[in-house]
Chemist: 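Here it is: the structure, laid out below.
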Amino acid sequence: MKMKKKTFLVLRNNSLFIKMFLIMVISIVAVSLLITFSSIRMSSDLFMDTFSISNTKALEQIETEFEAYSFAIVSTANEVQNNGTIKRVLTQENGNAIEMSKAYHDISLQIERIYPSVESYDANMIVLGFNERLYNVNYSNWPVSWEVLRNHPITKYAINQPNRLVYQFLPSNSFNDEPMIVATKALMEWSTGEIYGVLYFPIREAQLKEFYEGYTSVENEVLLVNERGRIISSNKKELIGDDAVDVMALAKEVDDEEMEFKDVHVFDKDYMLMSQYLPTYNMYLVNLVDKSAVLDNLVNTKEILLISLGIVLLAVMVVFIISRRMTNSISRLVKQISTMAKHDFNKPVAETGGYEAKKIATAFNSMLSELQEYVDLVVQAQQKQRGAELMALQHQINPHFLYNTLASVKFMVQQGKKEKATDMIHALISLLQNALSNVDQTITVEQEITDLKNYVLINQARYGDGIKVNFFISPDCLDCQLPKLILQPFIENAFFHAFNEKKEALCKSSYPKKVITCYARLWTMETAWRSKATTRKKTSKRNAICSVE
């Protein structure tokens, strides 16, 4: 409990410093966070814009590689299509062994002359004739027979589109241990439109990947997606052959709207997608950039946050020291003022600290001095007013009370009650001596009770035994001080207002005697006398309760 109270006092005395410090800390932290995250965001946006530009150029370079390969394929296909020897060999009927050997020799010479155009790309070249003749330049590249190739789906697809050079994807199987991309072209007689053979340019996916592998990394992926939304090549082997219709749709959207890039969520990650359409292949070259991985390599967020935290801590320390120095003098001034109000109202505050604190202390001391002068004037006026009221009360008692008392003494003497008259005169002398001669404003409880008893004795001469007064006084209260004549008005009101019936009526009445019981409960009164310029009095409340029984 004491600890809580002490903590509360410390917080209260330093409330200004705490408020200023918290406001400054919150402001510094907020500004630092805004600057840090704004810098990170701006750096990230700038880098991604720059990165997208560089990647766009990289895609253009990759597109150039693909177009060069496509040009070589087209050139070779045109030469094969226009070569009379190849056409003759593929259309003539099978003869004897000598004729077949001569035909194979002739076509081999022509193919060896034409093949170097695509040989530099590690692509194979196969010529298939419907007369059951097959010429495979690199058999180990794709060991396939005439029967298998003649009935293969890629052959049927090429025949269905005789006027196009078609690129088709072959996944790995028993005939090819690796995925391949095969360019096919139907060989057709232009005059009659008759198809007499099919030309194939198979290239392994590993060789095709060399076109773009130098532009890829862990966070920078390249996909080659055909018109069906199938991934036919990628720097990630696990993606080859997968369907990616959503990627195809996004790539088409980017290309159609001529966007530099688009933020997408594919393969359970956030990517920046860029695409390039390859019209010769009827495919989309897609570049996926893992933004989080790239930014982690570019911007060390943890390091930036630690630096920002260090700056914030340093700023908070500086703010703490400055705020403490600024508010310390004001806090001391507030503490002095609060202590002064509780203990010594006349003690001026120390004029120390900064300029503002000194000005406040000087103004407060000046106000305090004027206030003290005003308080002294009020105290003097109240003392004079109290003396005048007491004198007026004493003078008010004299004519009425003396008249009644002397009249009662007169009747007692006439009735021969000399002893009662003597006691009544002694009581009157004592009462007048204390009430009129004693000029002190306060007397002891014991003296006040003595005066009350004398007053009651005098008044009982008029009422006789019809009124009885009992006194219950705690012995601890007898030495306490209280204002003079503070209890006498209660007794006087009881005599003259509570029992204002005639004496004869009281005697003849059938009512029981009335008894006034006065309970005087007096609390301690302390009087402290200080310097001649200051007098402080602390007087507890008094409570007098009179009940009629």
Side-chain angles (χ1 to χ4, degrees), residues 62 65-81 86 90 107 111 114-130 133-188 195-212 223-234 237 239-243 248 278-285:
I62 296 172
E65 293 289 336
F66 275 96
E67 292 298 333
Y69 174 68
S70 176
F71 179 77
I73 297 295
V74 171
S75 299
T76 304
N78 287 334
E79 285 194 39
V80 173
Q81 177 75 50
I86 296 175
L90 296 180
I107 196 172
I111 290 175
I114 299 172
Y115 176 67
S117 299
V118 295
E119 185 180 11
S120 60
Y121 296 97
D122 291 333
N124 192 11
M125 179 176 172
I126 301 174
V127 179
L128 180 141
F130 290 164
R133 293 182 180 181
L134 176 68
Y135 297 91
N136 192 341
V137 176
N138 188 356
Y139 186 79
S140 61
N141 183 277
W142 189 15
V144 60
S145 63
W146 183 89
E147 291 80 5
V148 172
L149 192 57
R150 177 65 180 85
N151 299 311
H152 202 281
I154 65 172
T155 302
K156 295 179 180 179
Y157 189 77
I159 294 173
N160 291 333
Q161 301 187 55
N163 297 321
R164 288 182 55 196
L165 179 66
V166 182
Y167 289 85
Q168 303 182 64
F169 175 70
L170 289 181
S172 58
N173 51 39
S174 58
F175 297 101
N176 48 289
D177 54 350
E178 293 184 18
M180 292 191 304
I181 293 87
V182 183
T184 58
K185 176 68 173 68
L187 300 176
M188 182 176 62
I195 298 175
Y196 57 87
V198 179
L199 181 62
Y200 306 86
F201 296 97
I203 184 172
R204 294 181 180 273
E205 191 275 335
Q207 276 71 47
L208 191 68
K209 188 185 299 181
E210 294 178 358
F211 294 170
Y212 58 83
L223 310 175
L224 189 61
V225 186
N226 63 14
E227 73 279 4
R228 298 178 182 177
R230 195 172 189 183
I231 300 174
I232 64 173
S233 181
S234 174
K237 286 187 176 182
L239 297 178
I240 298 174
D242 292 347
D243 290 329
M248 176 66 182
L278 305 177
T280 306
Y281 297 82
N282 193 23
M283 297 180 188
Y284 281 93
L285 184 64

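For the numbers below, each heavy atom of this structure counts, side chains included, while hydrogens, waters and symmetry mates do not.
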Chemist: Could you tell me the separation between the OG1 atom of T184 and the CG atom of L165, rounded to the nearest 0.5 Å?
Modeler: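 One finds 7.0 Å between OG1 of T184 and CG of L165.
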Chemist: Answer yes or no: is there a side-chain heavy-atom contact under 4.5 Å between F169 and I240?
Modeler: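 Yes - at least one pair of side-chain heavy atoms lies under 4.5 Å apart.
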Chemist: To check you understand the geometry: which heavy-atom pair defines the closest contact between V144 and I126, and what is its length?
Modeler: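 So the minimum-distance heavy-atom pair works out to CG1-CD1, 4.4 Å.
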Chemist: Can you tell me how far apart CE (M283) and CE (M248) are? Round to the nearest 0.5 Å.
Modeler: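 If we round to the nearest 0.5 Å, M283:CE and M248:CE are 10.0 Å apart.
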Chemist: What's the verdict on side-chain contact (heavy atoms from CB on, under 4.5 Å) for I181 and L224, showing C-alpha distance, side-chain angles and the deciding distance?
Modeler: CA-CA 11 Å; I181 293 87; L224 189 61; 5.7 Å; no
Chemist: Keeping T155 on the side-chain end and L149 on the backbone end, is there a donor-acceptor pair under 3.5 Å?
Modeler: yes
Chemist: Just to verify, what does N138 make a side chain to side chain contact (heavy atoms under 4.5 Å, CB included) with, not counting sequence neighbours?
Modeler: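 For N138 the side chain to side chain contact (heavy atoms under 4.5 Å, CB included) partners, ignoring immediate neighbours, are N124, S140, N141.
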Chemist: If I compare all heavy atoms of S234 with all of K209, which pair ends up nearest, and what's the gap?
Modeler: O-CE, 3.1 Å
Chemist: Sequence neighbours excluded, which residues qualify as side chain to side chain contact (heavy atoms under 4.5 Å, CB included) partners of N163?
Modeler: M188, W190
Chemist: Got a sec, which residues hit side chain to side chain donor-acceptor pair (under 3.5 Å) with S233, two or more places apart in sequence or on another chain?
Modeler: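 Result, side chain to side chain donor-acceptor pair (under 3.5 Å) vs S233: E205, Y212.
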Chemist: For N226, check side chain to side chain donor-acceptor pair (under 3.5 Å) against everything at least two apart and list the hits.
Modeler: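 Partners of N226 under the side chain to side chain donor-acceptor pair (under 3.5 Å) test: none.
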Chemist: Just jot down the salt bridge (charged side-chain N to carboxylate O under 4.0 Å, His left out) partners of E67, sequence neighbours excluded, or say none.
Modeler: none
Chemist: Nearest 0.5 angstrom please: R164 CZ to T280 OG1, how far?
Modeler: 10.5 Å
Chemist: Closest approach of P202 and V182, non-hydrogen atoms and distance?
Modeler: CB-CG2, 3.9 Å
Chemist: Which value, rounded to the nearest 0.5 Å, describes the distance between I203 atom CD1 and E210 atom CD?
Modeler: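 Spacing of CD1 (I203) from CD (E210) equals 8.0 Å.
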Chemist: Looking only at heavy atoms, what is the nearest atom pair of N282 and E227, with distance?
Modeler: O-OE1, 3.4 Å
Chemist: Which atoms form the tightest heavy-atom contact between V118 and A72, and what is the distance?
Modeler: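 The answer is CG1-O, 3.8 Å.
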Chemist: Sequence neighbours excluded, which residues qualify as side chain to side chain donor-acceptor pair (under 3.5 Å) partners of S145?
Modeler: none
Chemist: Would you please name every residue forming a ring pair (Phe, Tyr, Trp, His ring centres under 6.0 Å) with Y281, sequence neighbours left out?
Modeler: F66, Y167
Chemist: Who pairs with D122 by side chain to side chain contact (heavy atoms under 4.5 Å, CB included), at least two apart in sequence or on another chain?
Modeler: Q207
Chemist: Using side-chain heavy atoms (C-beta onward) and a distance below 4.5 Å, is V198 in contact with I154?
Modeler: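 No - every pair of side-chain heavy atoms lies 4.5 Å or more apart.
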Chemist: Among residues at least two apart in sequence or on other chains, which ones pass side chain to side chain donor-acceptor pair (under 3.5 Å) with Y157?
Modeler: Q161
Chemist: Any side-chain heavy atom of Y121 sitting closer than 4.5 Å to one from I73?
Modeler: no
Chemist: In the structure I gave you, are the side-chain heavy atoms of L170 and H152 within less than 4.5 Å of one another anywhere?
Modeler: yes
Chemist: Partners of E65 by side chain to side chain contact (heavy atoms under 4.5 Å, CB included), sequence neighbours excluded?
Modeler: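 Only F211 meet the side chain to side chain contact (heavy atoms under 4.5 Å, CB included) criterion with E65.
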Chemist: So which heavy atom on L239 is nearest to which on L223, and how close?
Modeler: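 Distance-wise, the nearest heavy atoms are CD1-CD2, 3.9 Å.
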Chemist: Main chain of G129, side chain of W146: is a donor-acceptor contact present, judged purely on distance under 3.5 Å?
Modeler: yes
Chemist: Taking the side chain as every heavy atom from C-beta outward, state whether P179 and P171 have any pair of such atoms under 4.5 Å apart.
Modeler: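 Not touching, per the 4.5 Å side-chain cut-off.
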Chemist: For the atom pair CZ (F201) and OH (Y115), what is the distance rounded to the nearest 0.5 Å?
Modeler: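 Interatomic distance, F201 CZ to Y115 OH, rounded to 0.5 Å: 10.0 Å.
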Chemist: Test side-chain contact (heavy atoms from CB on, under 4.5 Å) on L199 and M125; report intermediate values, then the result.
Modeler: CA-CA 8 Å; L199 181 62; M125 179 176 172; 3.9 Å; yes
Chemist: Atom CG of N136 and atom CH2 of W142: how far apart are they, to the nearest 0.5 Å?
Modeler: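 Answer rounded to 0.5 Å: 9.0 Å.
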